[in-house]
Amino acid sequence: MALRCLYKLALWAAAVFFAVVLAVCLVSVGPWSAMLAAAALAAIFGVCRLVLPRLTERGARRAFWMLFVLFALAAGAFAFAVRVEPAWDFGRVYHGALEITSSGAIRIDWQYFLESNNNFFLALVLAPVFIAGSLAGLSPLASGILFNLAAIDLSVLLLWAAARRRWGEKWALAAALACFCCAGLWLYGPIFYTDTLSMPFVSLGLYLAQRWSEGERPPWLAAALGLAAFLAFRLKPTAFCLYLALALLWLLRRGGALRAAALGLAVFAVCMAGWQVWLGHNPVLDTGPIEKYRLPPLHYVMMGLKNPGGYDEADHLASQALPDAAARTAHAKEEIARRLADYGPLGFLDHLRQKLAYTWVDGSYFGGHKLGIDPVAPGALQQWVADTGAHWPAFQRLVNAQQLLICLGLAVCAFDQARRGEKADGLLWAALVALLGAGVFLLVWETRSRYLVGLLPLILCAAARGLGALPGLRPKK
């Protein structure tokens, strides 16, 4: 009984959370974006009523492959047209990977990689990509962009495959259409960083979970889930939220297959332990002084308490100036207590509103800002998609309208599944609970809309199902 209640409670918590997110988004986007969203909703209504019912299952599959090829080609051309010189953390990882390819070790920016273990892991991944690209006559930048585009395309393919097995060809096409139209997937094409490179492991988690739900649970499936969970965690902790939600779903539904589940957990544990052992003795980065330079978790909570909740250079430099992790933890505790006291109850509620808006309202997912930093070949497209461009305000209204539709879809999906109770779709339950967990985590942690990019497969799948649950929008089978 308690497990059934927890299952339903999680869905209602997601429904309340995304209703609040929708309200914040509606208040924040402005009237033009709201009107554009309403027009787009009317267009979706027309597609669902006039086009989808006439599609056969075979026709929906053919439509997907045609649109997927067009998307891959167009998004690839767009990525190379708006590519930028690697900067910020993206640039530090890029140069760290280049240093590994040239000397086999990181000796220049070593302190940064001691602070950011997940970015060290990414640099290790990118180094062989650059080497393989050089053998084909490609520059490291071109190799990275192609690798990133392949990761995005694979994410869409895996999401489509999971939706197809779960809900049929038409719903799979609807989820894929949401991906093809999503500004975030286009804008992050030239930025090969943990945000996009963690994305395939989110889609893969959905696909493997669907295979698991079909009954046959061979050892390779459990092992693949354990390995995918490890890679998601190492690249982006928010991407790992899906695997936590899937584990919780398995517990609540008493999913059986104990041996298979134990195998998956064992693979994850062995990978984590192996990484820690290798990290302590690796020849690439001297991790001996890691405790001296490590930033404690409370540092990121402290940064998240300064409006609007994003990365703060002053906080970062103040923490770096302290002698060790213990001093940084003590400093963070003092600052957290002071900032909470300064806010007071109403001020803290306004702070949470600002963090929600900073995380969920930006339809470019901070991509517009990143594309404005040192473009390789500034052109007409940059004038639209970079926040330094002349036409950025118009583009921002468009993508924020899209984000309003996405938030509407998430809220409707969560409410629709919550009212179904125990009959709610298990895969959607995991997606919504993962997004709820990530959303709450980013309310506490340092945040940015960019941190949602890796979760876009979950966001777009749930939003498509939510919009389809609106009266009159559900496509006929």
Side-chain angles (χ1 to χ4, degrees), residues 87-93 95-96 106-123 193-195 233-241 244 272 275-276 279-280 282 285-359 366 369-370 437-452:
W88 49 282
D89 294 288
F90 162 47
R92 299 178 85 166
V93 173
H95 290 292
I106 293 176
R107 295 187 177 88
I108 297 174
D109 206 8
W110 54 270
Q111 183 176 340
Y112 170 78
F113 289 102
L114 288 179
E115 294 174 3
S116 306
N117 257 205
N118 63 322
N119 286 344
F120 175 47
F121 185 83
L122 178 59
Y193 189 55
T194 54
D195 304 304
F233 181 80
R234 283 267 46 98
L235 285 167
K236 204 77 173 177
T238 46
F240 185 64
C241 287
L244 291 176
M272 290 291 288
W275 166 255
Q276 289 302 324
L279 190 64
N282 80 90
L285 179 68
D286 179 11
T287 56
I290 192 168
E291 286 303 313
K292 180 179 179 181
Y293 295 102
R294 181 176 59 85
L295 294 172
L298 285 178
H299 164 79
Y300 299 96
V301 177
M302 173 187 73
M303 280 204 299
L305 278 170
K306 183 180 285 187
N307 284 327
Y311 170 81
D312 186 81
E313 184 72 13
D315 276 347
H316 190 78
L317 292 175
S319 289
Q320 275 189 328
L322 296 170
D324 53 35
R328 295 184 189 104
T329 300
H331 169 70
K333 285 180 179 178
E334 291 176 6
E335 276 298 302
I336 289 168
R338 184 186 66 78
R339 291 175 191 186
L340 287 173
D342 287 348
Y343 277 133
L346 292 179
F348 184 66
L349 286 175
D350 183 65
H351 163 72
L352 294 180
R353 178 195 63 79
Q354 289 190 47
K355 284 195 85 169
L356 284 174
Y358 193 59
T359 308
F366 220 62
H369 178 72
K370 300 305 183 187
V440 172
F441 172 75
L442 292 175
L443 273 179
V444 176
W445 206 253
E446 171 236 337
T447 190
R448 197 164 275 179
S449 54
R450 175 172 65 80
Y451 298 166
L452 296 178

Discussion item. Among residues at least two apart in sequence or on other chains, which ones pass ring-ring contact (aromatic ring centres under 6.0 Å, His included) with Tyr112?
Written reply: none
Worksheet item: Which atom names give the shortest non-hydrogen contact between Pro289 and Asp286, and what distance separates them?
Response: CD-O, 3.7 Å
Practice prompt. Would you name the heavy atoms of Gly437 and Cys241 that are closest together and state the gap between them?
Written response: C-SG, 4.3 Å
Worksheet item: Hey, what do you get for CG (Leu356) to CG (Leu443), rounding to the nearest 0.5 Å?
Response: 4.5 Å
Worksheet item: OG1 of Thr194 to CZ of Phe90: how many Å apart, nearest 0.5 Å?
Response: 11.0 Å
Practice prompt. Under the ring-ring contact (aromatic ring centres under 6.0 Å, His included) rule, collect the residues that match up with Trp110, sequence neighbours excluded.
Written response: Tyr293
Worksheet item: Does His351 reach the main-chain N or O of Leu340 with its side chain, forming a donor-acceptor pair under 3.5 Å?
Response: no
Fill in: Asn307 side chain to Tyr358 side chain, donor-acceptor N/O pair below 3.5 angstrom
no
Discussion item. Taking the side chain as everything from C-beta on, heavy atoms only, tell me whether Asn119 gets closer than 4.5 Å to Arg92.
Written reply: no
Discussion item. With heavy-atom distances below 4.5 Å as the criterion, would you say the side chains of Arg234 and Trp275 are in contact?
Written reply: yes
Worksheet, complete the sentence: salt bridge (Lys or Arg N to Asp or Glu O under 4.0 Å) filter on Lys236, not counting sequence neighbours, yields Asp195
Response to the item:
What one should report as the nearest heavy-atom pair of His331 and Ala318 is NE2-CB, 4.3 Å
Fill in: All side chain to side chain contact (heavy atoms under 4.5 Å, CB included) counterparts of Asn282, not counting sequence neighbours
Phe120, Trp278, Leu279, Val284, Leu285, Thr287
Worksheet item: Which residues pass the ring-ring contact (aromatic ring centres under 6.0 Å, His included) test with Phe113, sequence neighbours left out?
Response: none
Fill in: Test side chain to side chain contact (heavy atoms under 4.5 Å, CB included) applied to Thr359 - qualifying residues, sequence neighbours left out
Leu442, Thr447, Leu452
Response to the item:
Hits for salt bridge (Lys or Arg N to Asp or Glu O under 4.0 Å) against Asp89, two or more places apart or cross-chain, chain-then-number order -> none
Worksheet, complete the sentence: Nearest heavy-atom contact between Ala123 and Gly96 is CB-C, 4.4 Å
Worksheet item: What distance do Leu298 atom CG and Trp445 atom CH2 have between them, rounded to the nearest 0.5 Å?
Response: 8.0 Å
Worksheet item: Between Phe366 and His369, how do the two ring planes meet: parallel, tilted or perpendicular, split at 30° and 60°?
Response: tilted
Worksheet entry | Set of side-chain hydrogen bond (donor to acceptor under 3.5 Å, both in side chains) partners for Asn117, sequence neighbours left out | none
Item to complete: Find the distance between OH (Tyr300) and CD (Glu446) and round it off to the nearest 0.5 Å.
Response: 7.5 Å
Discussion item. Measuring only between side-chain heavy atoms, which start at C-beta, is His316 closer than 4.5 Å to His299?
Written reply: yes
Practice prompt. Using the salt bridge (charged side-chain N to carboxylate O under 4.0 Å, His left out) rule, collect all pairs that involve residues 293-305, keeping only residues at least two apart or in two chains.
Written response: Glu291-Arg294
Fill in: Listed once per pair and sorted, the salt bridge (charged side-chain N to carboxylate O under 4.0 Å, His left out) pairs that draw on residues 317-333, sequence neighbours left out
none
Discussion item. Do Lys370 and Tyr193 have side chains that approach each other closer than 4.5 Å (heavy atoms only, starting at C-beta)?
Written reply: no
Response to the item:
Residue set satisfying salt bridge (Lys or Arg N to Asp or Glu O under 4.0 Å) with Lys292, at least two apart, ordered chain then number -> none
Worksheet item: What distance do Leu114 atom CG and Asp109 atom CG have between them, rounded to the nearest 0.5 Å?
Response: 10.0 Å
Discussion item. Glu335: which residues meet the salt bridge (Lys or Arg N to Asp or Glu O under 4.0 Å) condition with it, sequence neighbours left out?
Written reply: Arg338, Arg339
Worksheet, complete the sentence: On a heavy-atom basis, the closest approach of Met303 and Asp312 is SD-N, 3.4 Å
Worksheet entry | Tyr343 side chain near Asp350 side chain, heavy-atom distance below 4.5 Å | no
